[in-house]
Amino acid sequence: MSDPLANWGFWIILTIQIAGILATGLARLGEGSSWQTCCQRLYFASLALVGLVTVVGIGCNPGYWMASGTTLSIMIVSAVFDRGGLDKAVVW
């Protein structure tokens, strides 16, 4: 029989990861709008939360920290990736 607390932990971590990915999308979509500051603050708060879950997950279960670490990496790369240069790319 599975431990109910472990099951709750899984769903909480999954919810935090989904919220982190959604906050990253909102931060990208909010660029240049009146919601930009709010979206960026939400992104940084969720980035810190996913980072905290990753660190806590190291002591709990390997699957927890690996999934959270992957989400953290996706969030960082998605926020930093600049699509502006692709429009001005030189085609040979």
Side-chain angles (χ1 to χ4, degrees):
M1 193 162 147
S2 69
D3 182 18
L5 184 58
N7 213 6
W8 276 100
F10 168 78
W11 290 110
I12 290 171
I13 290 172
L14 181 66
T15 303
I16 290 171
Q17 291 176 5
I18 290 171
I21 296 295
L22 290 175
T24 304
L26 284 174
R28 294 299 296 198
L29 291 174
E31 288 180 9
S33 71
S34 60
W35 289 91
Q36 181 174 355
T37 303
C38 180
C39 291
Q40 286 175 345
R41 287 180 181 162
L42 177 66
Y43 166 75
F44 283 118
S46 64
L47 186 69
L49 188 59
V50 171
L52 179 67
V53 167
T54 303
V55 171
V56 170
I58 290 172
C60 295
N61 187 341
Y64 290 168
W65 77 263
M66 287 174 29
S68 296
T70 302
T71 302
L72 190 64
S73 301
I74 290 170
M75 289 175 68
I76 292 169
V77 170
S78 297
V80 174
F81 182 71
D82 183 20
R83 298 174 299 157
L86 294 177
D87 297 335
K88 300 173 187 172
V90 176
V91 179
W92 294 93

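Throughout, numbering of the chain's residues begins at 1 and tracks the sequence. When reading the values below, keep in mind they use all heavy atoms of this one structure, side chains included, and skip hydrogens, waters and symmetry mates.
Side-chain heavy atoms closer than 4.5 Å link hydrophobic residues (I, L, V, M, F, W, Y) into clusters, and following such links, even through other members, never connects Leu14 to Val56. Under the 4.5 Å side-chain heavy-atom criterion for ILVMFWY residues, no single connected hydrophobic cluster contains both Ile21 and Val77. Put simply, Leu29 and Ile18 are part of two different groups of oily side chains (I, L, V, M, F, W, Y) that touch within less than 4.5 Å, one to the next. Linking ILVMFWY side-chain heavy atoms closer than 4.5 Å, directly or via other members, places Trp8 and Trp65 in two distinct hydrophobic clusters. No continuous path of hydrophobic side-chain contacts links Ile74 to Leu42 [ILVMFWY only; heavy atoms under 4.5 Å].
Considering every non-hydrogen atom in both Ser46 and Ala23, the closest pair reads OG-CB, 3.3 Å. Shortest non-hydrogen contact noted between Ala79 and Thr24 is N-CG2, 4.2 Å.
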**OP:** Evaluate side chain to side chain contact (heavy atoms under 4.5 Å, CB included) for Ile13 paired with Ser68, printing each intermediate quantity in order.
**Re:** CA-CA 8 Å; Ile13 290 172; Ser68 296; 3.7 Å; yes

Subject >> side chain to side chain contact (heavy atoms under 4.5 Å, CB included) evaluation trace for Ile76 with Leu47 >> reply: CA-CA 8 Å; Ile76 292 169; Leu47 186 69; 3.9 Å; yes

**OP:** For Tyr43 and Met75, run side chain to side chain contact (heavy atoms under 4.5 Å, CB included): C-alpha distance rounded to whole Å, both residues' side-chain angles, the deciding distance at 0.1 Å, then the answer.
**Re:** CA-CA 9 Å; Tyr43 166 75; Met75 289 175 68; 3.9 Å; yes

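Separation of atoms CG (Leu26) and CZ (Arg28) is listed at 12.5 Å; rounding is to 0.5 Å. Here the straight-line distance linking atom CD of Gln17 with atom CG of Leu49 works out to 10.5 Å at 0.5 Å rounding.
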